[in-house]
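What follows is one structure encoded as structure tokens, with my remarks underneath.
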Amino acid sequence: MNERIHDLLELLAEEPDDAMLRLMLGKEYLALGDPAAALPHLEQAVALDPRYSAAYRELGIVLEKLARAAEADDVFTRGIAIADAAGDLQTAKEMTVFRERLRAVTARD
């Protein structure tokens, strides 16, 4: 286990309902190439803060990497609506691009 993940897990033990810590941990696992380990943390981040648009972006990416395209599409769609409502235009734009790319790939398959 890398040091960053170790530190985040220690913090999470003290603050298990911290959506930002969950997001950070999910992103660390994803950066290490372990989307399966990232998934429960990102799902929990969205559950803890249903308006956390960055968590939807990362969750959609993880679901896509796990070959769960329909779920990724749904997460991106919900995340775009949430980001738009919050005025988080950059995150909405990123998720729109990710969703369109995903749809193009699944249409070819």
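For the numbers below, each heavy atom of this structure counts, side chains included, while hydrogens, waters and symmetry mates do not.
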When the side chains of residues 8-22 are checked against the rest of the protein, which donor-acceptor pairs come out under 3.5 Å, sequence neighbours left out?
from, atom 1, to, atom 2, distance (Å)
Glu10, OE2, His6, NE2, 3.4
Asp18, OD1, Met20, N, 2.9
Asp18, OD1, Leu21, N, 3.0
Arg22, NE, Pro16, O, 3.4
Arg22, NH1, His41, ND1, 3.2
Arg22, NH2, Pro16, O, 3.2

### Task
Among residues two or more places apart or on two chains, list those pairs meeting salt bridge (charged side-chain N to carboxylate O under 4.0 Å, His left out) that have a residue in residues 79-91.
none

### Message
Once side-chain contact (heavy atoms from CB on, under 4.5 Å) is applied, do any residues pair with Val105, and if so which ones, sequence neighbours excluded?
### Response
Arg108, Asp109

### Task
May I ask whether Leu23 and Leu32 are part of the same hydrophobic cluster, defined by side-chain heavy atoms of I, L, V, M, F, W, Y residues being less than 4.5 angstrom apart, directly or through others?
yes

### Query
To the nearest 0.5 Å, what is the distance between CD1 (Ile5) and CD (Glu3)?
11.5 Å

### Task
Taking all non-hydrogen atoms of both residues into account, name the closest pair between Ala38 and Leu30 and its distance.
CB-N, 4.0 Å

### Query
Which residue pairs pass the salt bridge (charged side-chain N to carboxylate O under 4.0 Å, His left out) test when at least one of the two sits in residues 23-34, sequence neighbours left out?
Arg4-Glu28

### Task
Return the minimal non-hydrogen interatomic distance between Ser53 and Met95, and the atom names on each side.
O-CE, 3.9 Å

### Task
With sequence neighbours excluded, give me every salt bridge (charged side-chain N to carboxylate O under 4.0 Å, His left out) pair touching residues 37-53.
none

Please report, to 0.1 Å, the donor-acceptor pairs under 3.5 Å made by any side chain of residues 62-79, with sequence neighbours excluded.
from, atom 1, to, atom 2, distance (Å)
Glu64, OE1, Arg101, NH2, 3.2
Arg68, NE, Glu71, OE2, 2.8
Arg68, NH2, Glu71, OE1, 2.8
Asp73, OD1, Thr77, OG1, 3.4
Asp73, OD1, Arg103, NH2, 3.0
Asp73, OD2, Arg103, NE, 2.6
Asp74, OD2, Arg78, NE, 3.2
Thr77, OG1, Asp73, O, 2.9
Thr77, OG1, Arg99, NH1, 3.2

### Message
Suppose we screen for side chain to side chain donor-acceptor pair (under 3.5 Å). Which residues come up paired with Glu100, at least two apart in sequence or across chains?
### Response
none

### Task
Starting at NZ of Lys93, measure out to CZ of Arg57 and round the result to the nearest 0.5 Å.
13.5 Å

#### Entry: Heavy-atom check, side chain of Leu25 versus side chain of Leu42, under 4.5 Å
no

